[in-house]
Amino acid sequence: MSALTVTSVAPLTPRMTRVTFTGDGLPAIGTWPDQQLKLLFPKPGHSAHVSDSPDVGVWYQAYLALPDAERPWMRSFTVRSLADGVLTVDFVLHGDSGPASRWAANAQIGDVIGRFGPSRDYARPLGTADFLVFAGDETALPAIASLLEPLPPEQRFAAVVEVADPVEEQEIPGVRWVHRSAGDDLVTAVSALEVPPSTWVWLGGEASAVRALRRHFVGLGVAKEDIEFAGYWRRSLTQDDAPTAEDLAEARERIASLGE
Ligand SMILES: Cc1cc2nc3c(=O)[nH]c(=O)nc-3n(C[C@H](O)[C@H](O)[C@H](O)COP(=O)(O)OP(=O)(O)OC[C@H]3O[C@@H](n4cnc5c(N)ncnc54)[C@H](O)[C@@H]3O)c2cc1C
């Protein structure tokens with residue numbers, strides 16, 4: 001685990017803020033699309049430091065061994081960019097109830113949090129199909145943007161992102177925006193896409209929407225191993241809450257698809 005120190009904070013939209021960090025080990029990480037990492041947010045009166053072990057098993061045991069009141073909140077995020085030793089993360093400001101969202105809304109230059117990852121061990125190759133679909137909500141926007149950037153110009157794709165309203169749109173070429181304020185939603189918009197038989201799909205965002213879309217594409221005949229999917233957050237549940245029966249079923253399917 002390494003410390004990250006805030007070097008800038010800038011609002012991107014009313015509900016999304018961009019934070020840049022410096023920290024030990026960043027220049028050695030390298031870059032790839034959809035780089036996922038764990039960020040650790042300190043509990044009041046404590047630091048976010050856990051253990052310096054690079055071994056994930058050892059590190060996680062040390063994390064669990066900390067008393068509740070000291071154990072930092074751990075949340076998943078995506079590298080928006082990593083260049084010249086500067087890590088950029090875009091945080092959705094979804095309200096005060098989440099420690100990550102609350103931290104981001106109040107972040108100041110010099111604040112220190114922790115990070116574990118990103119690791120190349122978790123990098124997944126992009127599909128090689130004729131047509132690629134990327135779909136998610138604002139939490140998946142950093143990942144979708146990083147996946148679209150390296151696509152060759154001849155690659156055919158659809159990228160659909162659901163946000164609260166038009167002011168939440170960002171300058172990301174190729175994205176079709178869906179606005180909750182207009183009564184539209186991701187599942188309806190993506191289900192209306194016409195896709196060819198050779199299609200690969202990437203889904204991220206609110207867990208029930210991701211599940212519904214995965215079912216939709218399986219129903220269209222897209223092979224399960226050609227659907228990369230992850231529930232990024234669960235309505236009314238924090239990332240500390242235990243997995244639901246649906247989460248566990250999804251995890252089992254994901255493990256099974258890795259073996260196929
Ligand atoms: C692999 C991965 C990559 C991710 N990348 C990013 C990223 O780059 N940027 C980013 O902002 N998020 C990202 N997320 C999503 C983020 O981890 C979750 O939104 C997380 O719950 C935020 O933690 P929190 O402490 O703010 O809220 P929590 O303590 O986890 O949840 C508190 C409450 O807020 C609700 N909640 C959580 N997220 C949202 C939301 N987006 N909208 C509305 N309500 C919400 C929960 O249902 C709960 O009721 C990613 C998730 C994963 C798994």
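Counting starts at 1 for both ligands and their atoms, in listed order. Bear in mind that the values here come from a model prediction, so they are computed numbers and not experimental data.
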Measure the acute angle between the ring planes of Y232 and W202, then classify it against the limits of 30° and 60° as parallel, tilted or perpendicular.
perpendicular
Might you list the protein residues in contact with ligand 1, defined as having a heavy atom under 4.0 Å from one of its atoms, sorted by chain and number?
Q36, R75, S76, F77, T78, D90, F91, V92, H94, S97, G98, P99, A100, S101, T139, P142, Y232, W233, R234, R235, S236, L237, T238, Q239
Applied to residues 20-45, the salt bridge (charged side-chain N to carboxylate O under 4.0 Å, His left out) test, sequence neighbours excluded, yields none
Does the side chain of T22 come under 3.5 Å of the side chain of T5 through a donor N or O and an acceptor N or O?
no
For the residue pair F77 and F91, categorise the inter-ring angle as parallel (less than 30°), tilted (30 to 60°) or perpendicular (more than 60°).
tilted
Any Lys/Arg nitrogen of D247 or R252 sitting under 4.0 Å from an Asp/Glu carboxylate oxygen of the other?
no
Can a cation-pi geometry be assigned to R214 and F229, taking NZ or CZ under 6.0 Å from the six-membered ring centre and within 45° of the ring axis?
yes
